[in-house]
Structures are given as C-alpha cells and as structure tokens.
Amino acid sequence: MKILIVEDDNDIAEILANELSVWGYDTVCVKDFNNVLDEFKSEKPELVLMDIILPYFNGFYWCQKIREISKVPLMFISSKSEDIDIVQAMQFGGDDYIVKPINIQIVRAKIVALLRRSYDFAEETDYLAFGNVKLLLSAAKLDFMGKMADLTRTELMILETLFKDKGAVSKRDKIMDKCWQEENFIDDNTLAVNMTRLRKKLAEIGLNDFIQTKKGIGYFLNNKLT
C-alpha cells in the first residue's frame, strides 16, 4: 500500500519514509506544499499522514480538499496536543491523530489498525482488492487492470468469499452457505458448475488460474497472477 507523507520537517518525513519502507509500504513525501492536492491525485495513496502546521496552507485545509474527492484514511501528526486540536482534526475529516514527538512503534500500530478498518470491510469501501484485481460489489463486476467481467449474483458471492479470505483456502461448505443459504439439496456439483463458468469468464480478461482448487477442501485465490 502507498502512503503519502505531508510533513515539512525533512527529518521527520525521512524517518517516517524509511521506517514505513522497512515495513513494506510504498512511501511518497510531498515536496511542493502549495500543490498537495495535485500530488494526492497523482500518487493515489491508500493512506495519508498529514502534519497540521505546513507552508502556505495548513493540514486542515488540505484535509478538506482531499475529503471533497476521496474517503482515503487520513492521520494527522502534530505537535499540538490539546483536546480541542484533536477534536478539530476529526471534524475536518481526519481518522486518527498522533502527537509529536512521534513514537515510531505507535505510528506503526495506528497505521496498521487504520488500514485494517478502512480496507477490510466491504460496507465501507464498496470494493474488495486482491493484488491488482478489484471486486466491485455494488456494480457486480471484476476489474483486472481496466478489463471488466460482469458477474452473476452467485459469481459475486463466490468471489466475495474468496476475496475476504485473502488467499487462504475458503472451504466448500462456507462458499455454499454464502451462495445458497436458504436453498435445500445443494451439492458440490452445483458449486463446481458455477466455478467452471466463473473461471472461464475470468480467463477472458486475462485471469487464467486465478481461482485455485485445494483438493478435498475448497478454493483459494492465486496471488502469483496479481
């Protein structure tokens, strides 16, 4: 995941960028503080770390601008520690707040928690992602690098189950309960037929072997393709 760091203290920005890179995040530090929104649009980060006191316009201003176009999780980092400052940050659209001097372990824990809250639940994001593949829930489509596959209700439910398990094996019974919970006399053959049709549909947009079989157990997503 990419994190945009909006911090004019070069030492702090460098510490954050280096530590986050070690943890496996892609980091970008804003250089032009007069055009933060343009960099946000260009980089398309999954999370923003925002200082409050910045050149030209403060972090509250840029948070408002970002909120006009995106619900991306945003965490303020500031030397301001009064309750009123924290409340104001939340009112302007922030999702969390860290007080300087920063404790890098606390920053890491808060980032992990915020990303988990923001991207693990379909109700909040309306899509699920697995590598470069996105499952668009309300549209009932699968997006792979701009190529779209239309999904039936059953296909959508199958993929929703697999996406939520994030590469772990989804047991056959779990998938069947999700798809046909109110119907009787559904057997493995019903699932197998639907899975064959779904795999064929995915292959048409370049996702050959995206759904893998764990013999005798269930199915899982192949992360080597994404």
Side-chain angles (χ1 to χ4, degrees), residues 1-3 24-26 40-48 66-74 95 112-226:
M1 284 191 166
K2 182 185 291 185
I3 298 177
Y25 296 108
D26 184 13
F40 173 82
K41 291 177 180 178
S42 175
E43 296 295 340
K44 298 179 176 62
E46 278 78 28
L47 183 141
V48 177
I66 289 172
R67 282 290 170 262
E68 290 175 4
I69 61 172
S70 174
K71 294 181 180 179
V72 66
L74 187 148
D95 297 290
V112 170
L114 182 53
L115 289 173
R116 185 186 302 119
R117 293 198 305 271
S118 300
Y119 294 106
D120 273 9
F121 302 102
E123 294 80 7
E124 295 179 9
T125 63
D126 199 37
Y127 75 88
L128 297 171
F130 188 81
N132 293 321
V133 186
K134 285 187 177 181
L135 181 63
L136 310 179
L137 297 165
S138 61
K141 294 177 182 290
L142 192 80
D143 179 358
F144 177 52
M145 309 292 283
K147 297 180 180 179
M148 294 285 189
D150 292 314
L151 304 171
T152 66
R153 173 182 173 276
T154 299
E155 291 166 349
L156 179 64
M157 290 188 186
I158 290 172
L159 285 172
E160 183 178 352
T161 304
L162 294 173
F163 269 71
K164 286 184 175 180
D165 282 340
K166 301 178 181 179
V169 176
S170 299
K171 293 183 178 180
R172 291 194 303 265
D173 290 346
K174 179 179 180 180
I175 299 173
M176 292 167 65
D177 286 343
K178 172 73 173 178
C179 297
W180 300 287
Q181 53 187 299
E182 296 180 359
E183 300 180 34
N184 297 320
F185 310 113
I186 298 298
D187 57 20
D188 281 353
N189 186 58
T190 303
L191 177 58
V193 169
N194 279 273
M195 196 65 74
T196 298
R197 292 172 180 167
L198 178 56
R199 281 170 162 159
K200 181 179 179 181
K201 187 176 291 187
L202 299 184
E204 292 173 355
I205 61 169
L207 283 173
N208 294 287
D209 301 320
F210 182 52
I211 300 176
Q212 297 284 300
T213 301
K214 186 70 172 179
K215 190 173 181 180
I217 300 176
Y219 303 90
F220 64 97
L221 298 181
N222 182 4
N223 58 17
K224 294 181 180 180
L225 298 177
T226 63

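On a predicted model such as this, the values are computed, not experimentally measured, just so you know.
A distance-only check finds no donor-acceptor pair linking the side chain of Gln212 to the backbone of Asn222 [under 3.5 Å]. Proximity of a side-chain donor or acceptor of Ser70 to a complementary backbone N or O of Val72 within less than 3.5 Å is detected.
Residues Asp143 and Ile205 fail the side-chain proximity criterion, which asks for heavy atoms closer than 4.5 Å. For the pair Ile66/Lys71, no side-chain contact is recorded, criterion being any heavy-atom separation below 4.5 Å from C-beta on. At least one side-chain heavy atom of Phe210 sits under 4.5 Å from a side-chain heavy atom of Leu221. Contact annotation: the side chain of Val133 approaches that of Leu207 to within less than 4.5 Å [non-hydrogen atoms, C-beta and beyond].
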Next item on the list: With side-chain contact (heavy atoms from CB on, under 4.5 Å) as the test, would you mind laying out the steps for Asp26 and Met1 before giving the verdict?
Entry: CA-CA 6 Å; Asp26 184 13; Met1 284 191 166; over 6 Å; no
Next item on the list: Kindly indicate, with the supporting measurements, whether the criterion side-chain contact (heavy atoms from CB on, under 4.5 Å) is fulfilled by Lys164 and Leu128.
Entry: CA-CA 8 Å; Lys164 286 184 175 180; Leu128 297 171; 3.8 Å; yes
Margin query: I'd like to know whether Leu47 forms a side-chain contact (heavy atoms from CB on, under 4.5 Å) with Leu74, so could you lay out the CA-CA distance, the side-chain angles of the two residues, the decisive distance to 0.1 Å, and finally the verdict.
Written below: CA-CA 6 Å; Leu47 183 141; Leu74 187 148; over 6 Å; no
Note to self: Applying side-chain contact (heavy atoms from CB on, under 4.5 Å) to Ile158 and Leu151, what does each step give before you reach the verdict?
What the structure shows: CA-CA 10 Å; Ile158 290 172; Leu151 304 171; over 6 Å; no
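In summary, Lys200 and Glu204 do not engage in a salt bridge, as defined by a charged side-chain N under 4.0 Å from a carboxylate O.
When all heavy atoms are compared, the tightest approach of Gly216 to Arg172 is C-NH1, 3.3 Å. In plain terms, the two heavy atoms of Met148 and Leu136 that are nearest each other are CE-CD1, 3.9 Å. Tyr219 and Leu162 get closest at one heavy-atom pair: O-CD2, 3.5 Å. Among all heavy-atom pairs drawn from Phe130 and Lys166, the shortest one is CE1-C, 3.5 Å. Of all non-hydrogen atoms in Leu115 and Tyr25, the two that sit nearest each other are CD1-CE2, 3.5 Å.
Distance CD/Glu160 to CE/Met157: 7.5 Å, rounded to 0.5 Å. The CZ atom of Arg197 sits 8.5 Å away from atom CD of Glu155, with the distance rounded to the nearest 0.5 Å. The structure places CG of Asp150 at 10.5 Å from CG of Leu142, a figure rounded to the nearest 0.5 Å. Taken from NZ in Lys134 to CZ in Phe163, the straight-line distance is 11.0 Å, to the nearest 0.5 Å. For the atom pair Asp173 CG and Ile217 CD1, the distance stands at 11.5 Å (nearest 0.5 Å). Atom CZ of Arg199 and atom CG of Leu202 lie 9.5 Å apart (nearest 0.5 Å).
With sequence neighbours left out, the salt bridge (charged side-chain N to carboxylate O under 4.0 Å, His left out) criterion links Asp95 to Arg67. Partners of Lys41 by side-chain hydrogen bond (donor to acceptor under 3.5 Å, both in side chains), not counting sequence neighbours: none found.
By the neighbour-count criterion of 12 heavy atoms within 6.0 Å, atom NZ of Lys147 is sparsely surrounded, having that number or fewer from other residues, nucleotides or ligands.
A donor-acceptor contact closer than 3.5 angstrom links the side chains of Asp165 and Ser170.
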